[in-house]
Structure formats: structure tokens, C-alpha cells
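Notes for the one structure printed next.
Keep in mind that the numbers below use all heavy atoms, side chains included, and drop hydrogens, waters and symmetry copies.
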Protein chains: 2
Amino acid sequence: MSVAIENFVKAIYKNDHHETHNTKPGNIAKKLGISNAAATDMAKKLATKDLLNYEKYQALQLTEKGKKMALNVIRKHRLWEALLHKMFDMSLHEIHREAELLEHETSNFLANKISDYLGNPKFDPHGDPIPNEAGEITTIDTSIALSHSKENKNYTISRLMSDDKEFFDFCSQNGLKYGNSIFVVKQFATTKMTQLLINNKTILLNEDFTKIIYVNEF
Amino acid sequence: MSVAIENFVKAIYKNDHHETHNTKPGNIAKKLGISNAAATDMAKKLATKDLLNYEKYQALQLTEKGKKMALNVIRKHRLWEALLHKMFDMSLHEIHREAELLEHETSNFLANKISDYLGNPKFDPHGDPIPNEAGEITTIDTSIALSHSKENKNYTISRLMSDDKEFFDFCSQNGLKYGNSIFVVKQFATTKMTQLLINNKTILLNEDFTKIIYVNEF
DNA sequence: ATTATTTTTTAAGTAAGCTTAAATAATATT
DNA sequence: AATATTATTTAAGCTTACTTAAAAAATAAT
Ligand SMILES: [Mn+2]
Ligand SMILES: [Mn+2]
Ligand SMILES: [Mn+2]
Ligand SMILES: [Mn+2]
């Protein structure tokens, strides 16, 4: 399947699994940087390939086949991120940028080699789960957004859900890294800010960031 | 530039550097598995992009810009081969197959990371020279085809110039590997066969193979 | 409920990278 | 040198993945 198709099913899958379900063509179009018309066209085409169900004016729904394709691409993306991070010490932003291209030109054979080499990891350096060869995510996600964390508690950072360079740069400069532990000092009710301690340093985050930083109770 | 363009300039470059100069559209078409008409079209298009000089019925000639592009793709190809061979112990055929795709989706940034990681190697696992970042091949090739080697002499294998799975499988099964040393026992004048010793085992190769195995005097 | 706004769909068109078929030029054969 | 063969080019057409503009439907606002 083409790069365009792989990116399309991937965008639907991610939209369905993270944001508030509204997987209309225009929604996907915005994410992919294409016109609404192009997205509608593509949706119709993918329906004939049994990758999704399309009904005029309704939300797009991936078939099992479509989900499998999406998860296979996501697997490759995250395996590349893990490999590049480990081997070349590339940043969270750099690995994403490269993986975005490599994911489409990677055989299942190579993906498995990478996975084996890394010890079949279940998470990538952003904390995103890595689907297995069968396209299944076997881990259960118990993490919550930092914005919903409780005061005076210890947490472990479990996920940095973004693809924004500035966010990642900020995180790496402030020790906000997958696996690191933090202590939540205060939740500011009116400003929605969160004060936390990390490596004995106090930092204050606003909701833009605390909504995309996920944590687990320690 | 697109995958089609990168493969086109690469094919011209390789043709000019290995076979008997005859870089006509049909020649390239055959290598890329496209029609002659498509090759002519592409040649005209690349001329407008200043990647090659095109004159009706004449051989195609890469410009400096075209050569540079070809060498940049070749650099990425061979760096990937070196990396995959080292990390995952993939065969000479497997690394080529994967590199053929990855070469087009690799940033210069990543290529340099790979090169650094490997210690900036000058040769890939086939013995093919790896161009540097500036697109230069700095090594001098003193090797000769095994078909032209002398009897009763020791040689080191310096290059396996092929992309054929059967050839590579044969090589790996018989210790014919980049860097290994061999002893040429006899050149058969009439049959063009070469008898050699490798790890105390005698093997007899015909010209199909001795023309693509390159060696250096020991 | 009617009107205004937004989104989706349809229609028409474009560029890249191919194809096959026919015309033309180059090369090889006799 | 004339002819046959082969290669190259031109022409016309196809598919993919997009675009913009207009029509139609859904949604939001009054
Ligand atoms: Mn990513
Ligand atoms: Mn990730
Ligand atoms: Mn190769
Ligand atoms: Mn090689």
C-alpha cells in the first residue's frame, strides 16, 4: 500500500484512540495537510479496498483490516523511534521526524529484527505502546494526565503525547523524561497550573503541557 | 526529489562507472524495469532540472549536480547496508533489499549519525566504497577481477559486485566474504574457470562469478 | 423555525510516473 | 549500398494523489 494510504489509516486510528471521536474526512484532512475533498476521495477509495466503512456524512470507521494496517505502520514507527533513540541518542523530536518517513519503507522482516535487537520493547521513548507482530497492544494503560494528578503524591512519567519540537525540548531541558519520577506539589484550581518537583527543582506547568504528560502512581 | 528521480540518476551513475559506457535511455529502462518511453520522458524532465544533459539519440550524461545526487543516494544505501549487516547480522542480499528502500527516506542528518556510529567506514559489506558527506569517494581502487588474477598467488577479497541472492548465498556458504584471503591455484584457459583455495577447501568458479568477485594482491 | 455558518460532497482539472502503439532514427546484416 | 533489425522518440492514455470551485447537506445561531 502507498504512503498516502498508510498515513490515512494511521491518522484515523490515532484520531479514534486519542481525541473525542469525530473522525470525519475534514478532521483527517487537517491532520494530513490535505483538502477536505481529497480526504473524501481517499475515504471512498479505501472503502472499496475494505480498509474502512464509508457512509456519506458519517464518521469514518476502520475495518479490522484497516486497523491492522494502521497498527503495523505504528509498530514500525515506534520501533524506529526506539532504535534511533538508543543507538544515536537522538532527541524525542528527531526520532519522530525520521520515523515518520522510515515507517513506510520497512519490511516486516526488518521490523522484527529491530524489535528483537531491542529486546521486544513494549514502549517507545515517548511512552507510546508498541504493537506486537500480530498488531496487538498487550499492555494496559493505567496512566492519567498530569492535569488530573493529586497533590502531594509521587508519580512516574509514563508518556509524552505530542509531536511538537518545542514541547520535547522543554521536557528534555527539565528532566521530564519517560520513566523519571516526579512529585506533584500543587494543583492551581483557577489557572489550571500544576506545580511539581523534579530532581529537587520546582517547575510550574500550564494545562497545555499537563494534558499531554501522562503519569502513573508511584 | 522523488524516489523515481533518485533511482534514475543512481542507475545512470552506476552504469557509467561499471559497465561499458552506453547510457542510453533503453539501457536505464531495463535496469529500472520501466519502458523505454518512460526513460526518455524522464531523461527530458531531468535535463530541465539540470541533473543531466540530454540530446536526442545521444548517451545521457549526468551534470555535476546529478552526480552529487546519485552519490548522496549511494552513500545512504551503503551506510544502511553497513549498519544492518553489523547490527542485525543480515545477509548480503537482505541488506541490499532493505537499503534499496531506506536510501530514499533518509535525511542527511541521519546518514551522518549512522556513519559516525560505524566509525565513518570507507566500504560497505560488499566492498563497495561509501562516498563521504561531500559526495566524494576518496579511496583508490586497486582491485582486479578474480578472472584476471594470477596462478599461485594470495589475494584478499575486496568486493562482491552483484545484487543477486543466489550469488551471495553461494559466497556466504563458501567463505567468499569481503576481507577474507584466498589462494588462486589455477586459471583454466579454455573454460575460463578459476580454481582456488579458501580455508583449505578447493573450489572451482566459472567466469560468471570470477568477473564480479574483485580481489587485491596480498 | 428560520437563517447563517460550517462541513461534506461532487465536479473538473493538474502533475508525476507510468503504459502501449506508432513513427522515426540509428545500427547491423546481407 | 540497400535492407532488415533494433532502439529511440513521439503520441495518446491511464492511475494516484492531490488541487480549487461550486453544490448539497449538516450543524449552529438567532
Ligand atoms: Mn512519533
Ligand atoms: Mn512515539
Ligand atoms: Mn546494495
Ligand atoms: Mn553494497
- [ ] Using atom CE of A:Met1 as one end and atom P of D:dT16 as the other, report the distance to the nearest whole Å.
- [x] 11 Å
- [ ] From the options D:dT9, C:dT8, C:dC18, select the nucleotide whose nearest atom is closest to the side chain of B:Met42.
- [x] C:dC18
Task: Residue list, ring-ring contact (aromatic ring centres under 6.0 Å, His included) with B:His85, at least two apart or on another chain - done: none
- [ ] Please determine, for the side chain of B:Ala37, which listed nucleotide (D:dT10, D:dA7, D:dA17) has the closest atom?
- [x] D:dT10
Task: Rounded distance [0.5 Å steps], CG in B:Leu110 versus CG in B:Leu102 - done: 9.5 Å
- [ ] Remember a base hit wins even if backbone is also touched, and classify A:Ala39 as base, sugar-phosphate or nothing at under 4.0 Å, heavy atoms.
- [x] nothing
Open item on the list: In whole Å, I'd like the distance from the NZ atom of A:Lys30 to the C1' atom of C:dT6.
Closed with: 10 Å
- [ ] Find the distance B:Asn36:CG to D:dA7:C1' and express it as a whole number of Å.
- [x] 7 Å
Task: Separation between CZ of A:Arg75 and NZ of A:Lys68, rounded to the nearest 0.5 Å - done: 12.0 Å
Task: Residue matched to D:dT30 through Watson-Crick or wobble contacts both under 3.5 angstrom - done: C:dA1
TODO: Take atom CD1 of A:Ile5 and atom C1' of D:dT16, then tell me their distance rounded to the nearest Å.
DONE: 9 Å
TODO: Using modelled atom types only, decide if a donor and an acceptor are shared between the side chain of B:Ser115 and the backbone of B:Asn112 within a distance under 3.5 Å.
DONE: no
- [ ] Answer with yes or no after comparing the ring centroid distance for B:Phe168 and B:His126 against a 6.0 Å cut-off, counting only values under it.
- [x] yes
- [ ] Look at the side chain of B:Lys24 and decide which nucleotide, out of D:dA17, D:dT9, C:dT27, has an atom nearest to it.
- [x] C:dT27
Open item on the list: Tell me whether the side-chain N/O atoms of A:Thr40 come closer than 4.0 Å to OP1 or OP2 in C:dT9.
Closed with: yes
Open item on the list: If you compare every side-chain N and O of B:Ser35 against the phosphate oxygens of C:dT19 (OP1, OP2), does one of them come in below 4.0 Å?
Closed with: yes
Open item on the list: Tell me whether A:Arg97 is salt-bridged to A:Glu94, with the criterion being a basic N under 4.0 Å from an acidic carboxylate O.
Closed with: no
Open item on the list: Could you tell me how far apart B:Asp41 (CG) and D:dC14 (P) are, to the nearest whole angstrom?
Closed with: 16 Å
- [ ] Quickly work out the B:Asn27 CG to C:dA26 P distance and round it to whole Å.
- [x] 18 Å
- [ ] Answer whether the closest heavy-atom distance between the side chains of B:Tyr155 and B:Leu196 falls below 4.5 Å.
- [x] no
- [ ] Please tell me which of A:Ala38 and A:Gln58 maps to the more 5' nucleotide of DNA chain D, matching each residue to the nucleotide holding its nearest heavy atom.
- [x] A:Ala38
- [ ] Please list, by residue number, the residues of residues 44-57 of chain B whose heavy atoms come closer than 4.0 Å to an atom of DNA chain C; answer none if no residue qualifies.
- [x] B:Lys45, B:Tyr57
